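All ligand and atom numbering here is 1-based and tracks the order in the structure. Treat the numbers as computed from the prediction; the structure is a model and nothing was measured. Index from 1, following the sequence.
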Amino acid sequence: MAITRPKGTNDFMPDEVLSWQYMENILRDLCKQFGYMELRTPIFEDTELFIRGVGDTTDIVQKEMYTFTDQGNRSLTLRPEGTASTVRAYLEHKMFAVSQPTKLYYMGPMFRCEKPQAGRYRQFHQFGVEFFGSNSSAADAEVISLAWEFYQRLGLKGLEVRLNSVGCPNCRPIHRKALQEFLKPHFEELCSSCQSRFEKNPLRILDCKSPVCQKIVENAPTTIDCLCEECQEHFAGVKSYLDAVKIPYHLDPHLVRGLDYYTNTAFEILVTEIGAQSAICGGGRYNGLVKEVGGSNTPGVGFALGMERAFAAMAAQGITLPTKEKFDLYFAPLNEEADHLCFMWLTALRSQGIACEKDYMNRSLKAQMKYADKIHAPYVVIVGDSELADQKAVLRCMANAQQKEIDFVNLIDSLVEMVNGGKENE
Ligand code: AMP
């Protein structure tokens, strides 16, 4: 039986990869302009890192990790997300010891053993940023504006930023108590997951997807109602920076992140056209995370966005990215001597930055012209017996079928000039 790719994974074919590279370049340019440097960490890490960094009560850690034991009996896990590794590297390489802030980004595959469906894969790609060392609300607004700007550059419309504040370890216990008191009379009606969350993690009941739980929490006390003065100020700051740069947002008091190390800002970006998997980006502040992973108290804020979901949103809105590589020239040799000559020219032109191709299949001239058309080469250089005799190649423009001769001695220079001149006029 033929072997196929594992369930929930994708092969990206060369045409699609061009779109991926285009998107990756947008992200790289954006990070350069926003002052984030790329960090590359291992695809697998010590399992303990994710238990601490993602949280042992989360679905990711409880159900979705690809964990294995290696030959040295170490428990390793394919990374399910990028923040924990970034925090580990931040500590391991003492990035906190240089002048702050530290602004990092990552991009690459993540692995979660989820039930595959449209927009939900077992190997998927995230781009994320982490901004360490500053508790300024401008940092929160900056990461939101980076994600926002990315989607603008892709041309996406109909985006919604949802914003909330989950408070801090000072004000959260007050909310927790108020929430538990509110929910107590409804305990029996809650779904079984929420019943078990009631003691451990009641905040998560606010974002339960069950319609019954949603109805119950409709009027529940929100984190916003209980914010301490400092958290109120921080939240007002984030909103004022977003207002200043005209990024629209909706307050969503039920947007929560259930773990203790999440503080203040929580946000999500949604796009309506892609159905159930409408969350394309999620992030927030995590002032307690660096300490949780073993460092000292260090503020941080960041987000992760799903790259497949960005493509899905673009497809739903009819936005396409380039899926064809452009060649400048195609060489059509018609005999063996011409083939050697073309191979030399090809090599010389490539070393001058020109994208060119030749025939490798011994095709007839007609078949070569057809192929040149297929690969979208705007010009073809033809060399056969009579061209060798005259020491002149024929240059054919594919757009208008006009042909002219070029002396072999000037061929490289004339072609470089023609291609580069054409590029300048583009
Ligand atoms: P999270 O790390 O769960 O906060 O997810 C951040 C973003 O990654 C989401 O908004 C999605 O866009 C994307 N994402 C998360 N899980 C998956 C998955 N299984 N398949 C595809 N994209 C995902």
Side-chain angles (χ1 to χ4, degrees), residues 5-12 16 20 23-24 27 41 43 45 49-51 53-55 57-66 77-87 105-130 143-144 146-148 150-151 154 156 158-164 166 203-204 207 209 252 254-259 261-262 265-286 289 300-317:
R5 61 186 194 273
K7 202 170 153 188
T9 66
N10 290 299
D11 292 316
F12 297 108
E16 292 172 276
W20 277 81
M23 186 182 280
E24 287 158 12
L27 289 166
T41 59
I43 297 287
E45 296 269 5
L49 174 67
F50 300 118
I51 295 176
V54 181
T57 59
T58 57
D59 281 356
I60 294 183
V61 169
Q62 287 189 349
K63 302 185 224 158
E64 297 169 0
M65 296 209 298
Y66 282 100
T77 294
L78 297 186
R79 62 180 189 191
E81 55 95 67
T83 303
S85 306
T86 309
V87 172
Y105 78 93
Y106 60 82
M107 190 163 15
M110 305 294 162
F111 307 86
R112 294 183 196 172
C113 193
E114 295 189 84
K115 197 164 177 282
Q117 50 188 288
R120 191 170 287 285
Y121 307 101
R122 291 184 171 176
Q123 175 173 332
F124 60 99
H125 296 74
Q126 282 187 338
F127 162 83
V129 304
E130 315 294 352
V143 300
I144 296 172
L146 193 154
W148 180 259
F150 167 59
Y151 295 124
L154 291 181
L156 283 172
L159 298 170
E160 192 176 305
V161 179
R162 295 218 178 144
L163 190 67
N164 193 20
V166 295
L203 198 59
R204 289 304 306 268
D207 75 345
K209 299 288 173 276
D252 178 355
H254 289 176
L255 175 64
V256 296
R257 320 196 82 197
L259 297 166
Y261 46 70
Y262 290 117
T265 314
F267 75 95
E268 244 176 31
I269 303 182
L270 310 182
V271 61
T272 41
E273 279 102 335
I274 58 171
Q277 311 304 333
S278 62
I280 51 175
C281 174
R285 184 163 275 287
Y286 46 75
L289 178 60
V301 58
F303 70 75
L305 64 83
M307 296 173 74
E308 283 85 352
R309 300 247 176 113
F311 279 117
M314 290 169 71
Q317 299 190 4

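At a heavy-atom distance under 4.0 Å, no atom of Arg122 approaches ligand 1. Under 4.0 Å from ligand 1, the heavy atoms of Arg112 that appear belong solely to its side chain. Under 4.0 Å from ligand 1, the heavy atoms of Arg309 that appear belong solely to its side chain.
Contact detail for Leu163 and Leu255: the closest heavy-atom pair is N-CD2, 4.3 Å. The shortest non-hydrogen separation linking Gly55 to Tyr261 is N-OH, 3.5 Å. The two atoms that bring Arg79 and Pro109 nearest to each other are NE-O, 2.8 Å, heavy atoms only. Across all their heavy atoms, Ala279 and Arg309 have their closest contact at O-NH1, 2.9 Å.
Among all protein heavy atoms, the one lying closest to atom 21 (C) of ligand 1 is Gly119 O, 3.2 Å. Among all protein heavy atoms, the one lying closest to atom 6 (C) of ligand 1 is Gln126 NE2, 3.3 Å. With hydrogens left out, the protein atom closest to atom 4 (O) of ligand 1 is Arg257 NH2, 4.3 Å, a heavy atom. The protein heavy-atom contact nearest to atom 22 (N) of ligand 1 is Phe124 CD1, 3.5 Å.
Although no hydrogens or angles enter the test, the distance criterion places no donor-acceptor pair under 3.5 Å between the side chain of Lys63 and the main chain of Val61.
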* Report the C-alpha distance between Ser85 and Glu45 in whole Å, list the side-chain angles of each, state the deciding distance to 0.1 Å, and finish with yes or no for side chain to side chain donor-acceptor pair (under 3.5 Å). => CA-CA 8 Å; Ser85 306; Glu45 296 269 5; 3.1 Å; yes

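Close N/O approach between Ile280 and ligand 1 is found [any backbone or side-chain N/O within under 3.5 Å]. Inclusion of Tyr121 in the set of residues having an N or O under 3.5 Å from an N or O of ligand 1 is warranted. Ligand 1 has a nitrogen or oxygen under 3.5 angstrom from a nitrogen or oxygen of Gly306. For ligand 1, the polar-atom distance check against Ile60 finds no nitrogen or oxygen pair separated by under 3.5 Å.
If you number the atoms of ligand 1 from 1 as listed, the ones under 4.0 Å from a heavy atom of Cys281 come out as 10 (O). Residue Ala279 has at least one heavy-atom neighbour below 4.0 Å for each of these atoms of ligand 1: 9 (C), 10 (O), 11 (C), 12 (O). For ligand 1, the atoms lying closer than 4.0 Å to a non-hydrogen atom of Ala304 are 6 (C), 7 (C).
In this structure, His125 has its ring center under 6.0 Å from that of Phe12.
Annotation: side chain of Met307 is in contact with side chain of Leu27 (closest heavy-atom distance under 4.5 Å). Glu308 is listed as a side-chain neighbour of Trp20, based on a closest heavy-atom distance under 4.5 Å.
Note on ring orientation: taking the six-membered ring where Trp is involved, the planes of Phe127 and Phe150 are tilted (angle from 30° to 60°).
Under a 4.0 Å heavy-atom criterion, Glu114 is in contact with ligand 1.
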